[in-house]
Structures are given as C-alpha cells and as structure tokens.
A.B. asks: 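Handing you a structure now.
All values below were derived from every heavy atom in this structure, side-chain atoms included, with hydrogens, water molecules and symmetry-related copies excluded.
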Number of protein chains: 2
Amino acid sequence: MRNIKGVIRLTEERDEEMSLKLFVVLTRALDAIQKRVIEDIKHLGLNPTEFAVLELIYNKGDQPIQKIGEKVLIASSSITYVVDQLEKKELLERKLHPSDRRVKLATITQKGKTLMDEVFPKHKKGLQEIFAGLDVKEKEQLIDQLKKLGLHAQNLN
Amino acid sequence: MRNIKGVIRLTEERDEEMSLKLFVVLTRALDAIQKRVIEDIKHLGLNPTEFAVLELIYNKGDQPIQKIGEKVLIASSSITYVVDQLEKKELLERKLHPSDRRVKLATITQKGKTLMDEVFPKHKKGLQEIFAGLDVKEKEQLIDQLKKLGLHAQNLN
DNA sequence: TTCATTTATCTCGAATTAGTACTAATTCTA
DNA sequence: TAGAATTAGTACTAATTCGAGATAAATGAA
C-alpha cells in the first residue's frame, strides 16, 4: 500500500519549491527587463521614476501630486522630490488647483511634451523588442495570470 | 477588398499596446508581491537585501563577496555595505580565501544559522500563500514564460 | 458657526543603493 | 620574469526613496 500522507507531503513540498522558484524567476525577469528599459531612459537624462511621472501626465493629462504617487507606486514625500527634479529640468510645472487650494497639479510643459513626443514611441518600440519572444496570445495569458497574482498579493494585507 | 496594410498596422499597434500593458502588469505584480515579502522580512530586523545575502550563504555555503553581488543582483560597492551591516549583527563573518588572497569569503555564523533555521521555513510558507492563487501547473507555465522573457531581455544587451 | 477630523502636500532625517576612484593581489604576455 | 592588464574588494560620494511629523485647507458633525 502506498503511503498517502507521504505523497501529500511531497506534493506540498514541491509546490513550495515552485513558489520559491517562481519568486526568483519573476524577480530576475523583471530585473533584466528593467535594466534594458532603464538603459534606454537614461539616455534622455531621466531616471525611471522621473520618466514614469512624465509619462503619466503626458498620457493622462494634469494630475494632483497625490494621484501621481498612487499611480507610480511611490510615497508622497518621494513624489515631491521627483516633481522638484522635473521642474528644475523644466519638463513640468506645478499649478494651483482651480477649486481645492490644498491641491497642486503637475502639468507638462511644452519642453516636456516635445521630449515625450520624441521618446515615447521609442519607448514602446523598445518594450516591443523586449517582449518579442512572446506572441499576442501568450502576452494576454501572462497578463491575466500576473494580474491574478498581483491582486492576490495585495489582498493579503 | 479589405485593406491588408491597415489590418497589419492595427495588429502591430495592438501588439505594442499588449507589450506596454504587460510591462505595467509585471511591474505592479512584482511590486505587490515584494511589498508583502518585505513586510514579512522586516519583522526579523533585516532588510530585503540583507535577507537575500544571508539566505544565499545559508543555502549555498560560503561565498566570495563578488559572487554575492552577482547572485543578489547588487553592485559590489553596495555589497560591502550590506555585509558590514550583517557583520555588525553578527550574522555572518568575513574570512580569507585559502588560496586566492584577493578574495574574502562571507561565512554564516552560528547565530545567523540559528536565525535562518527559524525564519526560512516561514519565508517559504509566506511565498506559498502569496502564490496560492495559482496551481502547480500554472506556476510551471509561468516560470517557463518568465524565463524565456528574462533571457530574451538579457540577450538584447 | 466652531471645532474635530480628514486630506494634500511638504520638510527633514535616515536608510539604501549606485557610481567612481582607489589599493592590493593575481594573471597574462612579450 | 618584469610590467601591463585584470580582478576582488573597499571607501567615499551622490542620488533616490521612505517614514514621521508639520502645515494648511477642506469637510463634517453638533
């Protein structure tokens, strides 16, 4: 007779190993991808966070500082710093919110828009190259699974 | 007659959008996951890098400082700092390489081993919970695709 | 209205990490 | 085998990020 408990334990262990491995692979894959992207972005004189913030207001329009933090996943104190940097480079500006005086909006400047008009298409092309190993179906599938994962992880809080 | 070129262009655009989205989802998923893991690790009085270094020498034995950087994906200059911290906490020690005098090895101390004996299983359990949304098959599949992706991204260098 | 609470942003200080330049040891090569 | 080139590690510096309040404005309840 087979030892059922033993089999179950082995299956659990295997599952645990897979989780550990998945974590490592996920980390490494994103690390490799980000290295590429960061390299591309650096040539613009921007760091990844700055690019992310600029991209946000370039594509989604004026944003309250607060919202930027939520979308780009950065603490509000850090956003202050990043926006300062971008303001120094004259790529965006702060302006007052028309009705709520607590709020400051970040707006892209002409200079920022001109920059993004030039580089955003390149950014997309770059990502396209990076993900060229997968076809559309695979990408869709991966997106679904990763979404599931991300949501699950968040809900553990 | 259908406009073939138009169809092709639309397909390409869709593919580009998928790549962009995949990048965002990947980033967010890992971010959510890491936040969880970091939270868990913080309770041990370690930061994620320290844990990663300690885990490495706990599981793989003594390592040259150099190797640690490669495995944990951190600049060698930063490793110095991390190893300093761990040495202060008496969780590891530096010792000389027996034959190559340029090399210093990081070794885990008894205190470090005792700590890891206690927390590493918890770490695995934590990951298991995070990845509980997927079954073993899905994990395997995800691992394969992410490996493919990671390798492809690396080879673009 | 008035006062407590919430919300949005910022300041400051500390932690973490990357970059640069340097020393020491080893290896390669002419 | 001397001297150049490489490799390992570290010290120092600068950049980036977060967390803990501080401040000011808006909101809500009595």
A.B. asks: Rounded to whole angstroms, how far apart are NE2 on A/His97 and P on D/dA24?
C.D. replies: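 About 21 Å, once rounded to whole Å.
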A.B. asks: Counting only distance, no hydrogens or angles, is the base of C/dT7 paired donor-acceptor with the side chain of A/Arg102 under 3.5 Å?
C.D. replies: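 Present.
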A.B. asks: For the pair made of CZ in A/Arg101 and C1' in C/dC10, what is the distance, rounded to whole Å?
C.D. replies: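 Computing the A/Arg101:CZ to C/dC10:C1' distance gives 17 Å.
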A.B. asks: Are any of the side-chain nitrogens in B/Lys113 or B/Asp117 under 4.0 Å away from the carboxylate oxygens of its partner?
C.D. replies: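 Judged by the 4.0 Å cut-off on N to carboxylate O distance, B/Lys113 and B/Asp117 do form a salt bridge.
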A.B. asks: Counting only side-chain nitrogens and oxygens, does B/Tyr81 get under 4.0 Å of the OP1 or OP2 atom of D/dT10?
C.D. replies: no
A.B. asks: Within this structure, what is the CG-to-P distance between B/Leu46 and C/dA15, rounded to whole angstrom?
C.D. replies: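 Distance, rounded to whole Å: 15 Å.
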A.B. asks: Does the D/dG9 base have a donor-acceptor partner in the side chain of B/Thr80 within less than 3.5 Å?
C.D. replies: no
A.B. asks: Thinking salt bridges, do A/Glu138 and B/Lys148 make one under a 4.0 Å N-O criterion?
C.D. replies: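 A salt bridge is present here (some side-chain N lies under 4.0 Å from a carboxylate O).
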A.B. asks: Can you check the B/Gln34 CD to D/dC18 C1' distance for me, whole Å?
C.D. replies: 15 Å
A.B. asks: Taking NZ in B/Lys147 as the centre, count heavy atoms belonging to other residues, nucleotides or ligands within less than 6.0 Å. Is the count above 12?
C.D. replies: no
A.B. asks: Between atom CD in B/Gln85 and atom P in D/dA11, what is the gap in whole Å?
C.D. replies: 13 Å
A.B. asks: If you count heavy atoms of other groups shown closer than 6.0 angstrom to NZ of B/Lys21, is the number above 12?
C.D. replies: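 No, the 6.0 Å shell around NZ holds no more than 12 heavy atoms from other groups.
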